[in-house]
Amino acid sequence: GDDLLATICEAGVIRVATDPAYPPQSELLPDGSFEGFDIAVANEIGERLGVTVEFETPNFDEVVAGSWAERFDISVGSVTVTEERLTVLDFTQPYYFTPAQMAATTESGITDLEGLAGETVCVGEATTYQFWLEGTLVLAGDAPEPSTPPEGVQVTTFSTDTECADAVAAGRTEFAGWLTSSTTLANAIAEGAPFVEVGDPVFFEALAVATDKAGPPADQLLAELDRIVAEMHEDGTLSGFSEEWFDGLDLTTTE
């Protein structure tokens with residue numbers, strides 16, 4: 001039929017949007033190849049569909065805005081399911097879950113979440129982290145209620161989360177905090193980023209494969225993607241990828 005699944009299978013290629021600078025989830029290497037948890041998941045999806053994966057690297061705000069104009073077919077880029085995003089995107093069941101973790105620069109001397117009141121915090125643009133700080137985050141489904149942001153926080157954004165760590169490492173001092181996934185924060189600190197974790201996770205994210213509501217009909221594709229994600233949960237593939245890329249942690253379950 002005219003479903004996007006048929007188009008992909010006929011072409012033998014699925015175009016997957018992902019972040020080129022979001023390790024350990026996804027990273028574009030100097031030789032032009034990609035690696036990371038999301039990359040492993042996307043490649044496994046391609047293998048189970050019987051097609052080749054080609055990665056595209058739009059800005060995250062372009063992905064979550066929908067109306068992709070057929071530049072890519074799906075997103076496997078750690079997209080959290082929110083009520084707002086459900087108006088423009090369709091999602092599979094979650095393929096993993098991550099805590100959203102606040103950090104402070106070591107130079108700031110801040111050691112708890114309350115210490116960030118009135119300070120500037122850096123986040124990736126159009127992320128759930130920005131929405132939480134601005135008080136507009138509404139998670140979908142049965143996600144636990146997010147905590148309350150520190151009072152008077154100001155927000156500064158970059159196109160992707162890890163640019164916050166890069167900016168501090170380059171000597172920029174205009175922000176005292178960084179909000180990102182616990183996995184990205186741990187990876188950055190392990191590589192020498194001058195941050196310390198402060199407080200408990202502020203909310204928990206359910207992350208899923210996404211398709212574009214404004215694109216070609218994709219009901220069959222979404223159903224097949226959801227079937228594959230369920231199969232990968234059941235056979236342990238997702239747990240194995242998680243433990244490989246997240247230092248032995250299985251983030252594919254909330255239990």
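Numbers for residues simply follow the sequence, beginning at 1.
- By the 6.0 Å contact criterion, CG on Asp235 is enclosed, its count of non-hydrogen atoms from other residues, nucleotides or ligands being greater than 12.
- The disulfide bond (SG atoms under 2.5 Å apart) contacts involving residues 225-255 comprise nothing, where partners must be two or more places apart or lie in separate chains.
- The environment of Glu47 atom CD is sparse: at most 12 non-hydrogen atoms of other residues, nucleotides or ligands sit within 6.0 angstrom.
- Follow the hydrophobic side-chain contacts under 4.5 Å out from Leu225 and you reach Leu238 in the same cluster.
- The main-chain N or O of Ile39 is found under 3.5 Å from a side-chain atom of Asn43 such that the two form a donor-acceptor pair.
- Of the possible polar contacts, one joining the His233 side chain to the Pro94 backbone as a donor-acceptor pair under 3.5 Å is found.
- Thr162 places a side-chain heavy atom less than 4.5 Å from the side chain of Thr184.
- The local environment of CG in Asp112 is crowded, with over 12 non-hydrogen atoms from other residues, nucleotides or ligands closer than 6.0 Å.
- At least one donor-acceptor pair under 3.5 Å links the side chain of Asp73 to the backbone N or O of Arg15.
- Judged by distance alone, the side chain of Tyr22 and the main-chain N or O of Asp38 form no donor-acceptor pair under 3.5 Å.
- At least one donor-acceptor pair closer than 3.5 Å links the side chain of Asp3 to the backbone N or O of Gln220.
- Although no hydrogens or angles enter the test, the distance criterion places a donor-acceptor pair under 3.5 Å between the side chain of Ser242 and the main chain of Leu251.
- A ring-centre distance under 6.0 Å is found for Tyr96 and Phe37.
- Within a 6.0 Å sphere centred on CG of Asp219, other residues, nucleotides and ligands contribute 12 heavy atoms or fewer.
- Residue-environment remark: CD (Glu83) exceeds the threshold of 12 foreign heavy atoms within 6.0 Å.
- Within the 4.5 Å cutoff, side-chain heavy atoms of Tyr95 are placed close to those of Val209.
- At distances below 3.5 Å, at least one donor-acceptor pair connects side-chain atoms of Arg85 with backbone N or O atoms of Thr80.
- Judged by distance alone, with hydrogens and angles left aside, the side-chain atoms of Glu231 form no donor-acceptor pair with the main-chain N or O of Arg227 at under 3.5 Å.
- When atom types are taken as modelled, the side chain of Ser26 and the backbone of Asp19 share a donor-acceptor pair closer than 3.5 angstrom.
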Distance-only donor-acceptor hits, side chain of residues 54-68, under 3.5 Å, sequence neighbours excluded:
from  : atom 1 : to    : atom 2 : distance (Å)
Glu62 : OE1    : Asn59 : N      : 2.9
Glu62 : OE2    : Arg71 : NH1    : 3.1
Trp68 : NE1    : Val63 : O      : 2.8

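- Here the side chain of Gln101 pairs no donor or acceptor atom with the backbone of Thr183 at under 3.5 angstrom.
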Would you give me the side-chain donor-acceptor pairs under 3.5 Å for residues 146-157, sequence neighbours excluded?
from   : atom 1 : to     : atom 2 : distance (Å)
Ser147 : OG     : Val202 : O      : 3.0
Gln154 : NE2    : Gly152 : O      : 3.4

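- Phe204 and Phe131 fall into different hydrophobic clusters, where Ile, Leu, Val, Met, Phe, Trp and Tyr are joined by side-chain heavy atoms under 4.5 Å apart, directly or via other members.
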